[in-house]
Amino acid sequence: MSSYQKASLISVDEAISKGRKMLLFPRILMVIGLFYFLFPIAMVFTAFTDGPAFTIKESLICAVIILFCFVVCFYLPFLFWSKRTTRWKLWAFDNVDNVHELKIAAVNANLCPAYGTFMDRIQIQSDWERKQWRKLLERFDFPDIFKDDPAIPYKTEVFYSKVRLTLYILFGLLFVGIGCGLEYLAIKHNGDLSLKLIAPVIAIVAIYAMVIHMKRMLKKQPELVLENQGLTTHETGFLNWDEIYNEKVTRTDRGKRGILYTFNFQHPGGMASIDISDLNISKARLERLIRVYQGRFAAGLRSYI
């Protein structure tokens, strides 16, 4: 195994799963606390700039309020998050079977800041915790320990999600009905010309989107193929795993337009960016498949048996 021996080690997925549970409440507490810390600051700033001049007594009261909010709403939640994050990090990197894989997975899952970053440096830790972490860093001096997952087949084909596409089509039908209904009412009641023009546009755009979703639903070719030997996409064709690097699945919040998940990686031909939001695979599942297939390739387990 290596010079680092332990009776039993857990998988990266188990460590990530426990980390998400442990750090969920501290994250929520930090978000809520940050709001209640910034809100009184904004109110005081508005009062200073737009209101009458503050007396010395009023200024002291404002300073006390801001200090109280800083300690209760910002510092204490941040301290709680720092301690919980450090506690999980020390446990996970001491008990996981592959620290190199865990390091990448933990940063991608936002369970702990990347080593050496600003957020990593400002974390509140005791001298003992820093000493323990420096000791655990010695594990990175040893090669990766690959642990195969027999539940994952030699090949995984990823298609568009039929459930998601069905919902899109149903919404499209709804907007077609809305467009036709508005057009009917506009003509019947001699409505504005703008409404007569906008209503068919709504219906036409909805029909166009429905046609695209129907084509995707009837498509028989997979969008992604992951296997022991490599990865196949429409954009790049087939690539061996040793031709793929800096791979990452990112999550982007687009507000009202929803969440965008993108699979990004570099290869000899350049940079590939694939939208996986509508595919029948989750971010965590794709990351798991990539780790296992890359591990099999590196370990020489490239057969289709």
Side-chain angles (χ1 to χ4, degrees), residues 4 6 8-39 69-140 144-145 147 149 247-255 258-264 276-277 281-292:
Y4 184 92
K6 203 172 181 67
S8 62
L9 295 173
I10 64 172
S11 68
V12 170
D13 288 339
E14 289 175 305
I16 294 296
S17 177
K18 183 171 181 179
R20 286 195 174 105
K21 294 176 182 177
M22 283 182 62
L23 301 178
L24 177 61
F25 180 65
R27 285 177 175 179
I28 294 174
L29 200 62
M30 279 187 64
V31 172
I32 296 174
L34 186 61
F35 170 78
Y36 282 104
F37 168 58
L38 295 177
F39 181 74
C69 292
F70 171 78
V71 174
V72 175
C73 300
F74 180 80
Y75 176 76
L76 291 180
F78 182 77
L79 175 63
F80 182 46
W81 171 78
S82 295
K83 291 299 181 182
R84 270 296 183 93
T85 302
T86 302
R87 178 183 169 189
W88 172 80
K89 189 166 64 173
L90 293 177
W91 168 83
F93 282 90
D94 185 42
N95 291 277
V96 80
D97 55 3
N98 190 327
V99 292
H100 301 272
E101 185 180 332
L102 176 62
K103 180 182 177 181
I104 298 172
V107 173
N108 289 340
N110 297 316
L111 293 181
C112 63
Y115 182 72
T117 60
F118 174 75
M119 287 299 295
D120 178 55
R121 292 178 180 178
I122 65 172
Q123 276 192 323
I124 303 172
Q125 299 174 342
S126 66
D127 291 336
W128 180 85
E129 290 169 337
R130 292 192 186 94
K131 183 179 179 181
Q132 289 297 111
W133 176 239
R134 285 194 294 268
K135 183 178 179 181
L136 287 174
L137 288 177
E138 296 176 2
R139 292 196 64 189
F140 287 92
D144 288 350
I145 303 170
K147 186 177 182 180
D149 185 351
E247 64 282 348
K248 183 170 62 173
V249 183
T250 58
R251 178 184 185 274
T252 306
D253 189 349
R254 299 181 295 175
I259 305 297
L260 175 67
Y261 290 99
T262 310
F263 174 35
N264 306 291
I276 64 167
S277 304
I281 192 169
S282 66
K283 176 179 181 291
R285 177 63 177 173
L286 180 58
E287 290 173 338
R288 176 60 179 165
L289 291 176
I290 292 171
R291 292 199 302 268
V292 170

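- Thr262 is not listed as a side-chain neighbour of Val249, based on a closest heavy-atom distance of 4.5 Å or more.
- Inter-residue side-chain proximity for Arg27 and Asn110 is flagged as met; some heavy-atom pair is nearer than 4.5 Å.
- Proximity of a side-chain donor or acceptor of Ser277 to a complementary backbone N or O of Tyr261 within less than 3.5 Å is detected.
- Panel note: side chain Arg84, backbone Pro26; no donor-acceptor pair is recorded below 3.5 Å.
- At least one side-chain heavy atom of Arg291 sits less than 4.5 Å from a side-chain heavy atom of Val12.
- The side-chain tip of Lys103 points at the ring of Phe140 from less than 6.0 angstrom away and within 45° of straight on.
- More than 12 heavy atoms of other residues, nucleotides or ligands sit less than 6.0 Å from atom CZ of Arg130.
- Proximity of a side-chain donor or acceptor of Asn95 to a complementary backbone N or O of Trp91 within less than 3.5 Å is detected.
- Put simply, the side chain of Leu111 reaches to within 4.5 Å of the side chain of Ile16, judged on heavy atoms.
- Under the 4.0 Å criterion applied to side-chain N and carboxylate O atoms, Glu129 and Lys83 are assigned as salt-bridge partners.
- At least one side-chain heavy atom of Phe25 sits under 4.5 Å from a side-chain heavy atom of Phe80.
- For Thr250 against Asn264, the heavy-atom pair with the smallest separation is OG1-ND2, 3.3 Å.
- Side chain of Trp88 to backbone of Ala15: a donor-acceptor contact under 3.5 angstrom is found.
- A donor-acceptor contact under 3.5 angstrom links the side chains of Thr86 and Gln125, judged on distance only.
- Here Glu14 does not pair with Lys18 in a salt bridge; the nearest charged N to carboxylate O distance is not below 4.0 Å.
- Here Ile124 contributes atom CD1 and Leu79 contributes atom CG; the two are 4.5 Å apart, rounded to the nearest 0.5 Å.
- Comment: Lys89 does not engage Asp94 in a salt bridge, judged by the lack of any side-chain N to carboxylate O separation of less than 4.0 angstrom.
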